[in-house]
Amino acid sequence: MKGFGVACCLLLAAIPGGYAERRFPPPDFETGYTQPPVVFQEVRTPVSQYVDLTLLVVCLAIGTWLLHYRRSRRGIFLLGLFAVLYFGFYKNGCICPIGSIQNVTLALLDPHYPISLAVIGIFIAPLLFSLFYGRVFCGGVCPLGAIQDLFLFRTLRVPRWLEGSLGLCRYFYLGIAIYTVAEYSRFVICEYDPFVGFFRMSGLPWKLGLGAALLGIGLFIPRPYCRYLCPYGGLLSLLARRSSTWVRITPTDCTNCTLCDAACPYEAILRPEEPIRPEGSWRFKIILASLGVMALFIASGFYLFGTALSGILLSTWFGVVIASKMMTQAFSNRRNHFETDHAACLSCGRCYEYCPYGKTMQEIDAHAG
Amino acid sequence: MSKPDPAEGRRSFLEKMTKGVSFFALGGVTGKLLSNALREEMVWQIDPLKCIQCGNCATACVLTPSASKCYHDFSMCGYCRVCTGFFPTDPTTLDEGAENQLCPVGAIQRKFVEEPYYEYEIDRTLCIGCARCAKGCTSYGNGSLYMQIDRTLCVNCNQCAIALVCEGKAFSRVPVEQQYVLKGSRMS
Ligand code: SF4
Ligand code: SF4
Ligand code: SF4
Ligand code: SF4
């Protein structure tokens, strides 16, 4: 932003006094001295925000192309590097789609809150891409995701149930963030953003420490922020469930060689499994239990927040998140092959390189041009 | 993939429906947002009339030194004999000795104009935004020294860190076209 700086002078007209602090009138100077103007240096940024929005959309388009048509992990990696350098270190991190959740919430709740067109675009574009092409944003456009991706060292496997449960924290965080915006007009996602301090290369010690700790965890449990905390990732997940195109590990037939499963650092590949359909009575019990949980949360909402609507809604949201997770346990799908979990896949493209068929496909592509 | 399984058919119908719903929900949100959207970018700025010179500007900003700086509006200055923005309330002598300066980093330059007047100018490359001079000037003088966010330095955090702790609740977002909030221009 500093790059766009254009110095400009503002001449302050001498305006007659009128409020408390003007205690002493300026003296009559005998030497013909005149007061110099104050220089306020302006930054002209009216276009820079549109440049950023355009770059975001272009990056998303390139990411989609690299992921679904080129099937190139290296391409996605380079795109991520660009994102870290430009959206991260050059733009200092603000404003990003994750933080824009709060601007959008505030704008929806408070008609006087000014939101700029570019911010709306920055919020919507990755979501739209997710609805059609999966989480391409997370793959190589999000600077927060990409900086964590660089710190991937060894992958510890996380059991599926734990992965699923911890993933719910994203929705809790989303709820809390929206609640804080509604109640206090405060942007907690930005306040506790663990990585933005690195991009600015300054910040409070505890925040830099938090970021460093997350990157440290990320050495073994890759991208912890993305998987367990990022509220925008939660939104992207919801939409990616219905995406028209997603990461197809093999372009041809899966032979269940299990190589991709070992390649994905994010527990995003579902193994083939027989449907363990819970029997009728069990399914009924699960559904009943989840409704019970929901009722419990709504009731505790009333208990904790009295008649404050936003508090009750927050508590209800917690209930809905947990209950819907429980309900999905009551239904299961049959899978014959290894498949990506659309909601969890971060579109990094690592599995492509490991699938023996994916490789051949790349070679064919390379020969074709 | 298409199997003549009725459950499969039901599922794919459900999936199409939720997809449609998501699409229209996104569209609805966008439409609602566009209805009060602004073309300009918004940037953080201090309202100098609300600022109570609490001093949090110096420490809370994500940048070190802070992007909040003191500005001197000369047209408002009373050219006081003892400038309460420059000197502490009990100066030993009225000279530039460091012990006689209110500014902890010596960022205020005093230029002789004519007896007994001096011009006080801020060197913003030194200023750390502690607001001490602004406090002195506002409390006992004309309030011509006041705090503003230096727009060439500020990285425009989505949540300004100073705004969270500003005791005067002086921070707000202003359109980039009017990126400084001047005391003078308020008074007409
Ligand atoms: S999950 Fe969140 S932080 Fe991670 S890549 Fe996606 S948007 Fe970025
Ligand atoms: S692209 Fe493949 S390796 Fe990467 S997150 Fe998705 S499933 Fe896992
Ligand atoms: S934090 Fe607010 S009240 Fe305190 S000096 Fe800065 S602008 Fe003034
Ligand atoms: S927006 Fe950020 S950089 Fe600017 S004054 Fe506030 S904390 Fe400092």
Side-chain angles (χ1 to χ4, degrees), chain A residues 1-2 5 10 12-19 21-27 29-31 33 35-38 40-46 48-49 92 94-96 99-100 102-104 107-108 111 114-118 120 124 127-128 131 186-187 190-191 197 200 202-203 238-239 241-242, chain B residues 15-16 18-19 22-23 26 29-30 32-34 36-43 49 62-64 71-80 113-114 117 119 121 137-138 140-144 148 150-159 161 164 173 175-177 179-180 182 184-185 187-188:
Chain A
M1 198 178 273
K2 287 165 223 160
L10 264 173
L12 285 180
I15 299 156
Y19 58 92
E21 291 132 32
R22 288 210 130 174
R23 299 184 176 92
F24 315 109
F29 295 103
E30 281 158 14
T31 50
Y33 163 84
Q35 295 106 321
V38 208
F40 288 95
Q41 294 206 303
E42 295 212 343
V43 185
R44 290 252 168 252
T45 46
S48 86
Q49 54 165 357
N92 293 307
C94 279
I95 174 183
C96 79
S100 74
Q102 306 157 110
N103 305 55
V104 163
L108 289 177
I115 185 167
S116 68
L117 280 177
I120 301 175
I124 290 291
L127 293 176
L128 269 182
L131 186 56
R186 215 178 155 126
F187 289 10
C190 299
E191 244 182 291
R200 298 191 181 120
S202 80
L238 287 180
L239 294 170
R241 262 174 225 283
R242 293 289 167 266
Chain B
E15 280 175 7
K16 281 206 188 89
T18 42
K19 176 160 190 173
S22 322
F23 188 71
L26 276 186
V29 169
T30 319
K32 179 79 181 43
L33 288 171
L34 286 177
N36 58 348
L38 282 180
R39 230 167 275 256
E40 307 138 279
E41 190 178 6
M42 305 298 285
V43 294
L49 293 185
V62 298
L63 302 177
T64 334
Y71 286 77
H72 195 190
D73 183 345
F74 301 102
S75 69
M76 286 172 60
C77 181
Y79 293 81
C80 315
V113 177
E114 65 183 54
Y117 308 127
E119 182 186 291
E121 200 185 356
C137 178
T138 312
Y140 308 109
N142 275 5
S144 56
Q148 285 286 281
D150 187 336
R151 295 260 31 107
T152 56
L153 298 177
C154 172
V155 296
N156 207 27
C157 312
N158 197 26
Q159 168 67 73
L164 290 173
R173 289 173 189 264
V176 74
E177 263 74 39
Q179 44 189 276
Y180 288 93
L182 310 179
S185 59
M187 303 179 29
S188 41

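The chains referred to below are lettered A, B, ... by the order of the sequence lines, with proteins before strands, and numbering in each begins at 1. Computed from a predicted structure; not experimentally measured.
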Contacting moiety of [X], where chain B heavy atoms sit under 4.5 Å:
{"X": "A:Leu239", "value": "side chain"}
{"X": "A:Ala118", "value": "neither"}
{"X": "A:Pro25", "value": "backbone"}
{"X": "A:Arg200", "value": "side chain"}

_Partner residues of B:Asp150 under the side-chain hydrogen bond (donor to acceptor under 3.5 Å, both in side chains) criterion, sequence neighbours left out_ = B:Thr152
Any donor-acceptor pair under 3.5 Å linking the side chain of [X] with the backbone of [Y]?
{"X": "B:Gln179", "Y": "A:Glu42", "result": "no"}
{"X": "A:Thr31", "Y": "B:Glu114", "result": "no"}
{"X": "B:Tyr180", "Y": "A:Gln41", "result": "yes"}
{"X": "B:Asn142", "Y": "A:Phe24", "result": "yes"}

*Will you find, in the side chains of A:Arg242 and B:Ser22, an N or O donor that is under 3.5 Å from an N or O acceptor?*
no
*Evaluate the side-chain contact (heavy atoms from CB on, under 4.5 Å) criterion for residues A:Ile115 and B:Arg173: first the C-alpha distance (whole Å), next the side-chain angles of each, then the deciding distance (0.1 Å), finally the verdict.*
CA-CA 10 Å; A:Ile115 185 167; B:Arg173 289 173 189 264; over 6 Å; no
Please give me the minimum heavy-atom distance between [X] and [Y], naming the atom from each residue.
{"X": "A:Cys94", "Y": "B:Cys157", "value": "SG-CA, 3.6 Å"}
{"X": "B:His72", "Y": "A:Val38", "value": "O-CG1, 3.1 Å"}
{"X": "A:Gly99", "Y": "B:Asn158", "value": "O-ND2, 3.3 Å"}

Checking heavy atoms, do the side chain of [X], its backbone, both or neither come under 4.5 Å from chain A?
{"X": "B:Cys77", "value": "backbone"}
{"X": "B:Glu121", "value": "neither"}
{"X": "B:Glu40", "value": "backbone"}

To the nearest 0.5 angstrom, please state how far the [atom1] atom of [X] sits from the [atom2] atom of [Y].
{"X": "B:Gln159", "Y": "A:Gln102", "atom1": "CD", "atom2": "CD", "answer": "8.0 Å"}
{"X": "B:Glu41", "Y": "A:Leu117", "atom1": "CD", "atom2": "CG", "answer": "12.0 Å"}
{"X": "B:Leu182", "Y": "A:Phe40", "atom1": "CG", "atom2": "CZ", "answer": "4.5 Å"}
{"X": "A:Ile120", "Y": "B:Lys32", "atom1": "CD1", "atom2": "NZ", "answer": "10.5 Å"}

_Aromatic ring pairing A:Phe29/B:Tyr79, orientation class (parallel under 30°, perpendicular over 60°, tilted between)_ = perpendicular
*asked:* Checking A:Ile124 against B:Leu26 for the side-chain contact (heavy atoms from CB on, under 4.5 Å) test, could you report, in this order, the C-alpha distance in whole Å, the side-chain angles of both residues, the deciding distance, and whether it holds?
replied: CA-CA 7 Å; A:Ile124 290 291; B:Leu26 276 186; 4.2 Å; yes
*Quick one: which of B:Thr64, B:Thr30, B:Val113 has the most heavy-atom pairs under 4.5 Å with chain A, could you say?*
B:Val113
_side-chain contact (heavy atoms from CB on, under 4.5 Å) between A:Asn92 and B:Asn156, worked out_ = CA-CA 9 Å; A:Asn92 293 307; B:Asn156 207 27; over 6 Å; no
_With side-chain contact (heavy atoms from CB on, under 4.5 Å) as the criterion, how do B:Leu63 and A:Ser202 come out once you've worked through the C-alpha distance, each side chain's angles and the decisive distance to 0.1 Å?_
CA-CA 6 Å; B:Leu63 302 177; A:Ser202 80; 4.2 Å; yes
*Just jot down the side-chain contact (heavy atoms from CB on, under 4.5 Å) partners of B:Phe23, sequence neighbours excluded, or say none.*
A:Leu128, A:Leu131, A:Phe132
*In terms of heavy-atom pairs under 4.5 Å with chain B, which of A:Ala107, A:Ser100, A:Gly203, A:Pro114 leads?*
A:Pro114
